[in-house]
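A short worksheet on the structure shown next.
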Amino acid sequence: MRTHTCGELTAEQIGQTVTLAGWVHRRRDHGGVIFIDLRDRYGITQITCNPQVDGNTVHTVAEKLRNEWVIQVVGEVVARPADMVNDHVVTGMIEVHAHKVTVLNTSKTPPFDIGDDKAEEANENIRLRYRYIDLRRTKLQNMLAEKDRFIRAMRAFFHARGFHEVQTPILANSSPEGARDWLVPSRLYHGKFYALPQAPQQFKQLLMVGGMDKYFQIAPCFRDEDSRADRHFGEFYQLDFEMSFVEQEDILHLLQELWVTLTKDFSTKEILTEDFPRMTWHEAMQRYGTDKPDLRFGLEIADVSALVRGCGFSVFASSVESGGVVHALCVPEGAALSRKNIDDLTDIAKEKGAKGLAYIVYKNDGTLQSPIVKFLGDACAQKILQDVGAVPGDIVFFGADTWMTVCAALGAVRSACGDLLGLKDPDKAAWMFVVDFPMYGMSETEEGRIDFSHNPFSMPKGGMNALKTQEPLEIVAHQFDLVLNGYEISSGAIRNHDPAIMYEAFRIAGYKKEEVDQKFGHMVEAFKYGAPPHGGAAPGIDRAFMVLTNCASIRDIYAFPKDGQGRDVMLGAPSAVTPTQLKELGITPVE
RNA sequence: GGGGGCGUAGCUCAGCUUGGUUAGAGCGUCUGCCUGUCACGCAGAAGGUCGCCGGUUCGAGCCCGGUCGUCCCCGCCA
């Protein structure tokens, strides 16, 4: 139906008769000549329809054309007069003088503008309802092309290193740990359910037991949790991979190589440190108040517990006395923050469990403005300011509570200050690893109970000996995260492949052997048959692509995203099903 | 489940602070004119339950209460 696309004709084809097909992007009717910008995926070519051609038939057809009609044009490629060349498009040297215009399909007036020159973007809800129209915009066309290239680069990277891509099941089993499962009712076994995998975690480990040695997959993952700007509802993709006979160092090196390559190829961001910095989970929490620090800026948090022990401000003193901590965040130039800014930051700290947000404004004239200095005393305040390196013009925020609460609260305040002061440079890529995640933490649901803090299948550092000799809360795992600009891009770990260590790890978390056998029996059983040491990671493809390309919303990098409430407003999903379908599944309709 | 922002023409928005004639703009749509534009231009037209319900008032797009929708955040995300 066409000899060329709308993006390839240049001076080279002048004189040729060509056939193009595409959408009417814009029509400019001059009464005599009519110009049509014909658009397809590849570009835009100007068509001219002249009344003199072929007894006026071309012009008559062109008069009826409207935006987004689909047409086929046969015509001659003609050089434009020198002063009519359009430098803004690749095909601007030429135009096609139409000999014949055929309407392949008409179109209703689109509900929103597709023109890419328009600065304004329509409301997301209406773009999602008409996603097939939205996809015609250059922005989304480019995004899908780049994402395709992104995924091909990942595949090439792993294939070049001897990995096999393996498809693991979509209909799998509910797992007792982790996020909420998507359940699929079984037709053959009423009352029983499949679950869509939250990740191919168990399958990839079993592939290692199966001798696959190096596996990867562009893997769909399903978690029934609420969405966020950087978290698509329900489903997302991970670059899942696993290797046998490796140590953590091997995985970190591979990840680093992969993401340095991808950042350079797919992002305009400058990588701050190509040898990705590493810090332990404890250090990240202590210095940045989060397990995913944004290292594009400083604003490090300091521990001032020792300085305020026994001081006159009872909130600080009693916090330290009762085993808690007092941390301080010095924000350079922060004295300029408004009362409203400080109130907002206080709310942010409170959201994270802090009872308030004490502060000292170190004014430019050297005086202090603070609700707490009169209790602290000038000497103590000066000592603190000196300790955190504050100079006139700064503000220092304080958190006083348990270690975890203080870390989380000041971490959130630090991040918000980074936003307020414009410290999050979009042209920088600060990759880093957080290592040594704790194996256990205190359960948040049951008072005093010890539970896995992250992945129960990770190998504790020190193995069985560590489990036997160390305090559970002190044990760290061969588990790490890869972080970019404050976003968690990947988790990863060396797995626990030893059944004896696994039983012991679960025992510490309060699981009896029988419970382990019941819930994870297939895994433990498999590991009894010569499981090799193995480990891997699973970077989130969509989130990484989003951050690298400075996209504000994860929905903008899916062809057909769910909306913020988990609906597909184009399909109308989720939707009711027929009583017959429910009956087959053994489900009694509600109502 | 909780908090915040937003909701006015097909689309993007102004108007709300301080209630007052017929609610505006740009784009789009429709009609007419125009043979060199490329976000063509010119002239004209159509298009509105100001999300919805209630209240205050002589009078509500504007103030108050409720409600619905949406986005962001918290919770949640081994």
Side-chain angles (χ1 to χ4, degrees), chain A residues 25-39 44-53 59 66-68 78 80-89 91-92 95 97 108-130 133-134 175-181 198-199 201-202 221-234 236 344 347-353 408 412 415-416 437 439-441 444-445 451-458 477 479 488 491 493 509 519-520 538 540 543 552-553 555 563-565 567 569:
Chain A
H25 186 64
R26 244 181 264 285
R27 187 180 66 108
R28 290 179 294 279
D29 185 345
H30 285 253
V33 67
I34 295 174
F35 297 100
I36 292 161
D37 288 343
L38 190 64
R39 185 197 73 231
I44 286 178
T45 298
Q46 175 163 285
I47 312 294
T48 61
C49 301
N50 205 290
Q52 272 80 57
V53 172
H59 190 264
R66 292 296 181 269
N67 283 352
E68 298 310 306
V78 176
R80 295 195 194 185
D83 55 340
M84 298 301 162
V85 167
N86 185 344
D87 295 327
H88 298 106
V89 291
T91 61
E95 59 194 7
H97 287 195
K108 291 169 72 175
T109 301
F112 53 86
D113 290 330
I114 295 161
D116 297 298
D117 298 310
K118 300 280 192 297
E120 297 146 342
E121 192 169 67
N123 174 282
E124 185 181 32
N125 207 262
I126 195 147
R127 288 193 292 117
L128 290 182
R129 189 186 313 281
Y130 298 95
I133 299 174
D134 199 31
S175 58
E177 307 283 325
R180 193 178 293 113
D181 278 320
Q198 297 185 20
Q201 179 71 32
Q202 299 190 24
C221 303
F222 305 90
R223 296 175 190 178
D224 185 5
E225 299 290 352
D226 291 352
S227 74
R228 285 287 183 278
D230 66 340
R231 201 168 76 194
H232 187 252
F233 177 84
F236 65 102
D344 289 345
D347 287 341
I348 286 167
K350 284 179 175 171
E351 270 181 356
K352 294 292 182 181
S415 176
F437 272 69
M439 189 81 187
Y440 300 101
E444 282 167 21
T445 47
D451 203 354
F452 291 109
S453 61
H454 293 89
N455 187 336
F457 296 111
S458 296
Q479 165 138 8
E488 178 191 328
S491 288
K519 289 177 175 170
F520 307 103
R543 185 179 294 167
S553 166
R555 293 188 291 275
D563 74 3
Q565 266 72 239
R567 283 167 308 206
V569 290

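What you see below is based on every heavy atom in this structure, not just the backbone, and it leaves out hydrogens, waters and symmetry mates. A note on names: the letters A, B, ... follow the listed sequences, proteins ahead of strands, and every chain is numbered from 1. Just so we're clear, the structure is a prediction, and the values are computed from it rather than from any experiment.
A:R228 is linked by a salt bridge (charged side-chain N to carboxylate O under 4.0 Å, His left out) to nothing, counting only residues two or more places apart in sequence or in another chain. For A:E95, the side-chain hydrogen bond (donor to acceptor under 3.5 Å, both in side chains) criterion is met by A:Q46, A:H97, not counting sequence neighbours. With sequence neighbours excluded, no residue forms a salt bridge (charged side-chain N to carboxylate O under 4.0 Å, His left out) with A:E351.
Note: CG (A:D181) to C1' (B:rC77) measures 12 Å, nearest angstrom. Atom P of nucleotide B:rC72 and atom CD1 of A:I348 are separated by 17 Å, given to the nearest angstrom. Computed from coordinates, the A:H25 NE2 to B:rU37 C1' distance equals 14 Å when rounded to whole Å. Atom P of nucleotide B:rC71 and atom CG of A:N125 are separated by 6 Å, given to the nearest angstrom. Summarising the geometry, the separation between NZ on A:K108 and P on B:rC30 is reported as 14 Å, rounded to the nearest angstrom. Computed from coordinates, the A:R231 CZ to B:rC72 P distance equals 12 Å when rounded to whole Å. Between the P atom of B:rU37 and the CG atom of A:N50 lies a distance of 15 Å, rounded to the nearest Å. As rounded to whole Å, 18 Å separates atom P of B:rC76 from atom CZ of A:F233.
Sequence order on RNA chain B of the closest nucleotides to A:D230 and A:N455 puts A:D230 first from the 5' end. The nearest heavy atom of RNA chain B to A:G564 and to A:R223 marks one nucleotide each, and the one closer to the 5' end goes with A:G564.
Using a 4.0 Å heavy-atom criterion, one finds that A:D83 contacts no nucleic acid atom at all. When heavy atoms are screened at a 4.0 angstrom cut-off, A:Q479 is found touching no nucleic acid atom at all. Contact annotation for A:Q565: backbone-only contact, meaning every heavy-atom pair under 4.0 Å involves sugar-phosphate atoms and none involves a base. Counting any heavy atom pair closer than 4.0 Å across all strands shown, A:E124 reaches sugar-phosphate atoms only and no base atom. Across all strands shown, A:R80 has heavy atoms under 4.0 Å from base atoms, whether or not it also approaches the sugar-phosphate.
Separating the C1' atom of B:rU21 from that of B:rC40 is a span of 39 Å, rounded to the nearest Å. As rounded to the nearest Å, B:rC50 and B:rA9 have P atoms that lie 10 Å from one another. B:rC63 and B:rU31 have their C1' atoms separated by 43 Å, with the value rounded to a whole Å. Here the separation of B:rG61 from B:rC13, taken at their C1' atoms, is 15 Å to the nearest Å. Separation of the P atoms belonging to B:rC6 and B:rG32 is 44 Å when rounded to the nearest angstrom. Taking atom P in both B:rC72 and B:rU67, one finds a spacing of 23 Å when rounded to whole Å. For B:rG4 and B:rC42, the P atoms lie 47 Å apart once the distance is rounded to whole Å. Separation of the C1' atoms belonging to B:rA14 and B:rC53 is 27 Å when rounded to the nearest angstrom.
Within the 4.5 Å cutoff, side-chain heavy atoms of A:I34 are placed close to those of A:H59. Using a 4.5 Å heavy-atom cutoff, the side chains of A:R26 and A:I44 are not in contact. Taking the side chain as every heavy atom from C-beta outward, A:I126 and A:Y130 approach each other to under 4.5 Å. For the pair A:N455 and A:F437, the minimum side-chain heavy-atom distance is 4.5 Å or more.
Nearest nucleotide to the side chain of A:K352, out of B:rC73, B:rG75, B:rU35: B:rG75. Set against B:rC73, B:rU35, B:rC71, the side chain of A:E351 has B:rC73 as its closest nucleotide. Looking at the side chain of A:T109, the nearest of the listed nucleotides B:rU29, B:rC71, B:rG36 is B:rU29. For A:P51, the listed nucleotide lying nearest its side chain is B:rU35; candidates were B:rU35, B:rC71, B:rG36.
OP1 or OP2 of B:rC30 lies within a sub-4.0 Å distance of a side-chain N or O belonging to A:R66. A:Q46 has no side-chain polar atom (N or O) that falls below the 4.0 Å cut-off from OP1 or OP2 of B:rG36.
A salt bridge does not link A:D37 to A:R39: none of the charged nitrogens lies less than 4.0 Å from a carboxylate oxygen. Contact check on A:E488 versus A:R543 returns no salt bridge, with no Lys/Arg side-chain nitrogen under 4.0 Å from an Asp/Glu carboxylate oxygen.
The distance from atom CZ of A:F233 to atom CZ of A:R555, rounded to the nearest 0.5 Å, is 12.0 Å. Distance check: A:E68 CD to A:T109 OG1 gives 10.0 Å after rounding to the nearest 0.5 Å. Note that CZ of A:R27 and CZ of A:R66 are 4.5 Å apart. Values are rounded to the nearest 0.5 Å.
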What nitrogen or oxygen pairs link the protein and nucleotides 4-11 of chain B at under 3.5 Å?
| residue | atom | partner | partner atom | Å |
| --- | --- | --- | --- | --- |
| B:rG10 | O2' | A:P111 | O | 2.9 |
| B:rC11 | O4' | A:P111 | O | 3.4 |

Tabulated below should be each protein N or O lying under 3.5 Å from an N or O of nucleotides 40-44 of chain B; please produce it.
| residue | atom | partner | partner atom | Å |
| --- | --- | --- | --- | --- |
| B:rC40 | OP2 | A:R26 | NE | 3.4 |
| B:rC40 | OP2 | A:R28 | NH1 | 2.9 |
| B:rC40 | N4 | A:D29 | O | 2.5 |

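Counting all heavy atoms, side chain and backbone alike, A:A199 lies closest to A:R223 at CB-NH2, 4.1 Å.
Of the possible donor and acceptor atoms, one in the side chain of A:Q198 sits under 3.5 Å from a partner among the backbone N and O of A:A179.
Contact annotation: side chain of A:R228 to base of B:rC71, donor-acceptor pair absent below 3.5 Å. One cannot find a donor-acceptor pair under 3.5 Å joining the base of B:rC76 and the side-chain atoms of A:D226.
For the strand RNA chain B, secondary-structure stems (runs of at least three Watson-Crick or G-U pairs, all distances below 3.5 Å) span B:1-7 with B:68-74, B:10-13 with B:24-27, B:29-33 with B:41-45, B:51-55 with B:63-67.
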